[in-house]
Amino acid sequence: MKAVILHGPDNYPNNYEVMDIPKSVCGDEEILLHMRAAALCGTDKRIFTGAKTKGVRKDSVVGHEICGEIAEVGKNVQGFSVGEHVSIANVIPCGHCPACLSGRENACMNRKAIGYEFNGGFEEYVLIPKICIESGNVVKLPEDVSFEAGALIEPLACCIRGLRNTGTGFNDTVLIIGAGPIGLMHLQLSLIAGAKKVIVSELDAEKREIAKKLGATRVVDSAKEDLAAIVAEETNGTGVDRIVMAIGITGLVNSALQLAKKGGTVCLFAGFPKGKTAEIDPSIIHYNELNVTGSTAYKRIDYLQAADMVKAHKIDLDAIVSARFTLDKFKEALDLHMSGKALKVVIVNQ
Ligand SMILES: [Zn+2]
Ligand SMILES: [Zn+2]
């Protein structure tokens, strides 16, 4: 079978290759998944370039946004059958660390994940280990959900976790900084949660256009327009209730803080480069009584709710897919993804 083997963190772009490897053998306690769609994520950029190494093994297969069709079911596995469409919640919490026990399984200190400790989605057949099946991380999907939308349940689940941390609700005015796939998911979720207005700031004209189509009240090109003035205009000078930073640029944090209203919440959703610090004026947080939060991964409940939304066709994920490639064209896919010009790039497999 074809697989993208990542040899190690160094020497990008010569650190991976598409190879023919023996098809995985399904053990008695495992499921063999015929991968049909696996999406590239911002995290993959960091993994392939060596900026993220935690949990990533040498000569392994990454890819953590996965959907497919069950090809084989181990003889001791109950409740699944060949041919069923499933998506995979790739993060498997341990259930007993202090983070898990305090209700933050998304921040589990011993988490294992498909695409990290276990081989991931950039291969034709993915072995789903026992621990993943037993943890309820294999989610069945009806046939009217596309494999691509199924793969995007994973980032959607992360955004649902972020929405909860941001606290967006009825009548809120929300500012989303960055209209990549994550920003566009946050836009739709904010509207579903009851936001009155969603302002989206994005430098790329095409992405702004998609944000408009997906319901943004106002899109702003902050290179040419004064975002602070627009926020003031849209909020009668009070600032926005909620801010989601969907782009990991440390230099934008301080200016974002200034746009929140008193008592507002700023969610640093995007990952920032490791070790990079941001200069902020703490008085903004102090006098305005701001809540500043982050968001990492998702809880299984977020994943299940994301799957429910997709099954009920309550969210447009197809609008977020800009290109599809097969495994042999993985290099082109990754190059496009790295360029930052595309929204979601999905690896598809027949
Ligand atoms: Zn991801
Ligand atoms: Zn844990």
Side-chain angles (χ1 to χ4, degrees), residues 4 6 35 37-49 51-56 60-67 87-122 126 131-132 134-137 139 147-163 178 180-186 189 244-248 268-272 294-303 306-307 310 315 317 320-322 333-334 336-338 340 342-347:
V4 179
L6 175 66
M35 184 277 277
L40 281 152
C41 163
T43 310
D44 293 313
K45 276 189 193 174
R46 294 163 61 216
I47 290 174
F48 278 92
T49 55
K52 182 181 170 81
T53 51
K54 194 166 174 260
V56 182
S60 70
V61 179
V62 298
H64 58 269
E65 302 180 357
I66 311 165
C67 187
S87 65
I88 307 296
N90 78 306
V91 178
I92 306 153
C94 76
H96 54 72
C97 72
C100 282
L101 291 175
S102 67
R104 292 183 191 270
E105 66 175 45
N106 54 313
C108 171
M109 296 150 90
N110 312 309
R111 60 165 251 180
K112 289 203 159 56
I114 312 278
Y116 296 84
E117 287 82 4
F118 304 103
N119 273 355
F122 300 141
V126 186
I131 185 177
C132 182
E134 281 177 343
S135 306
N137 288 39
V139 176
F147 290 113
E148 293 168 17
L152 299 188
I153 292 171
E154 195 272 350
L156 181 63
C158 296
C159 292
I160 289 178
R161 174 83 341 237
L163 178 88
I182 291 296
L184 294 171
M185 286 187 195
H186 276 292
L189 288 172
V244 179
M245 287 208 58
I247 180 164
L268 307 183
F269 182 88
F272 292 90
S295 193
T296 183
Y298 53 87
K299 297 182 185 178
R300 283 164 295 178
I301 184 67
D302 304 317
Y303 191 93
V310 170
I315 190 147
L317 297 178
I320 290 174
V321 175
S322 22
L334 188 61
L336 176 63
H337 179 56
M338 290 285 184
L343 291 170
K344 270 291 180 190
V345 176
V346 182
I347 306 301

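Remember, it's 1-based here, ligands and their atoms both numbered in the order they're listed.
With His337 contributing its side chain and Cys41 its backbone, the two residues share a donor-acceptor pair below 3.5 Å. Under a 3.5 Å cut-off, the side chain of Arg300 and the backbone N or O of Glu105 do not form any donor-acceptor pair.
Shown here are the protein N/O/S atoms lying under 2.8 Å from the Zn ion (ligand 2), water excluded: Cys94 SG, Cys97 SG, Cys100 SG, Cys108 SG.
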Using distance only, find each side-chain donor-acceptor pair of residues 109-120 under 3.5 Å and give its atom names and separation, not counting sequence neighbours.
residue	atom	partner	partner atom	Å
Glu117	OE1	Ala113	N	2.9
Asn119	OD1	Arg57	NH2	2.8
Asn119	OD1	Val61	N	3.1

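Residues that satisfy the salt bridge (charged side-chain N to carboxylate O under 4.0 Å, His left out) test with Arg161, not counting sequence neighbours, are Asp302. With sequence neighbours excluded, the residues forming a side-chain contact (heavy atoms from CB on, under 4.5 Å) with Pro181 are Ile320, Leu343, Lys344, listed by chain and number.
The atom of Glu65 nearest to the Zn ion (ligand 1) is OE2, with the search restricted to N, O or S atoms.
With rounding to the nearest 0.5 Å, the separation of CG in Asp44 from CZ in Arg46 is 10.5 Å.
Side-chain atoms of Asn90 and Tyr298 include a donor-acceptor pair closer than 3.5 Å.
Angle NE2 (His64) to the Zn ion (ligand 1) to SG (Cys41): 100°, rounded to 10°.
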